[in-house]
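Structure, as structure tokens:
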Protein chains: 2
Amino acid sequence: MNPTYESLKQELLNQDIKLSHQRLKILEFMASNVIHPTVDQVYQALHHEIPTLSKTTVYNTLNLFVEVGLCITLATEENEIRYDIHTFPHGHFKCKKCNQVYNVDIDSHAFTSKDLAHFEIHHQEVFYKGICEKCLLIQKL
Amino acid sequence: MNPTYESLKQELLNQDIKLSHQRLKILEFMASNVIHPTVDQVYQALHHEIPTLSKTTVYNTLNLFVEVGLCITLATEENEIRYDIHTFPHGHFKCKKCNQVYNVDIDSHAFTSKDLAHFEIHHQEVFYKGICEKCLLIQKL
DNA sequence: TTTCTTGTTTGTAATCATTACAGTCAATAT
DNA sequence: ATATTGACTGTAATGATTACAAACAAGAAA
Ligand SMILES: [Mn+2]
Ligand SMILES: [Mn+2]
Ligand SMILES: [Zn+2]
Ligand SMILES: [Zn+2]
């Protein structure tokens, strides 16, 4: 279900994008940490390993990934952009306690509204907020 | 269906919030312009009429409205916050051509995902992007 | 009426995420 | 070796939002 690092790398090659060290490290991070990170989270995670890494490079790279369809962006209400390596249609749930963003399987056909009958729909986003199961259990202790 | 200016004003009174000139003007704008405006749009629309109006006041007032449940916020992907006077559950569609944000009736029961069976859901947001009917017609000319 | 109190509004400065830009660097081709 | 191209970096600029303190307005108390 999760896209593999190897298949994503191949996709970059297919699109004639050079496999630079920084790009591969960022791609690897996105593929193995499915946490919908912000640019800063990616930067913080990698700049120990790549001390010369610039935050601008993280911006450039993630926005490049979005352009070529390897990532999508997620707008949370906190006025910050998060990046998601999963590009197939799915929804999200953000926990108000632990701030974790979960993936949610949704039936995309349940969402056709007759208000949009003559509209051209390119993209849909379903976003839930509330308290996750883990945090609910902690609350009850 | 749309909340009236009078009922919203009454709600402020019920919550012991003073009906200052600025608050009433901003409330009136929100009630009669259902365009999901940004803070700047509200400010631009009103500062001719109220030359002393400060953008800080628009921020303070709209955030106050959100706190007391008169407005909700909308996160579009452009990293800007929009304010909505409609607080009942509904979805949105943003046109990529004209940037207009439409309200969309949705069946909120279509949204139960079994992934969230043991989660506590406080809020849900459904957001579409694409091209609206008007812009599609223009395109065909 | 004057003074006091409380909450509102204002303007400026600070913050934070993001983007623009220009110089540097690295890989490859000639 | 030199030239070309694109990637990376650091710094500066931008734009939205928030913090904060002074000014203001309205009503209550004296
Ligand atoms: Mn996701
Ligand atoms: Mn709406
Ligand atoms: Zn949680
Ligand atoms: Zn349109």
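Lettering follows sequence order; numbering is per chain, from 1.
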message: With nearest nucleotide decided by heavy atoms, which residue, B:Lys55 or B:Ile17, maps closer to the 5′ end of DNA chain C?
response: B:Ile17

- request: Tell me what A:Thr52 touches on the nucleic acid: a base, only sugar-phosphate, or nothing, going by heavy atoms under 4.0 Å.
  value: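 Touches sugar-phosphate only.
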
Euclidean distance, atom [atom1] of residue [X] to atom [atom2] of [N] [Å, nearest integer]:
X       : N      : atom1 : atom2 : answer
B:Leu19 : D:dG27 : CG    : C1'   : 15 Å
B:Lys25 : C:dT8  : NZ    : C1'   : 18 Å
A:Leu12 : D:dG6  : CG    : P     : 17 Å
B:Ile81 : C:dA17 : CD1   : P     : 13 Å
A:Leu46 : D:dC8  : CG    : C1'   : 15 Å
A:Asn60 : C:dT19 : CG    : P     : 9 Å
A:Gln22 : D:dG6  : CD    : P     : 17 Å
A:Tyr59 : D:dG10 : OH    : C1'   : 15 Å

message: Checking B:Leu116 against A:Tyr102 for the side chain to side chain contact (heavy atoms under 4.5 Å, CB included) test, could you report, in this order, the C-alpha distance in whole Å, the side-chain angles of both residues, the deciding distance, and whether it holds?
response: CA-CA 10 Å; B:Leu116 300 176; A:Tyr102 292 82; 5.8 Å; no

- prompt: Is the ring centre of B:Phe119 less than 6.0 Å from the ring centre of A:Tyr128?
  reply: no

query: Which residues satisfy the salt bridge (charged side-chain N to carboxylate O under 4.0 Å, His left out) test with B:Lys97, sequence neighbours excluded?
result: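 With neighbours one apart ignored, the set is empty.
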
- prompt: CG/B:Leu27 to SG/B:Cys71 distance, rounded to the nearest 0.5 angstrom?
  reply: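 Spacing of CG (B:Leu27) from SG (B:Cys71) equals 7.5 Å.
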
task: Looking only at side-chain atoms of B:Lys18, point me to the closest of C:dT9, C:dT8, D:dC8.
output: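 Taking heavy atoms from C-beta onward, the closest nucleotide is C:dT8.
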
So, is [X] near the phosphate of [N], with a side-chain N or O under 4.0 Å from OP1 or OP2?
X       : N      : result
A:Asn63 : C:dT19 : yes
A:Thr56 : C:dT19 : no
A:Thr57 : D:dT9  : yes

A:Thr73/A:Arg82 under side chain to side chain contact (heavy atoms under 4.5 Å, CB included): CA gap, chis, key distance, verdict: CA-CA 6 Å; A:Thr73 57; A:Arg82 289 170 173 274; over 6 Å; no

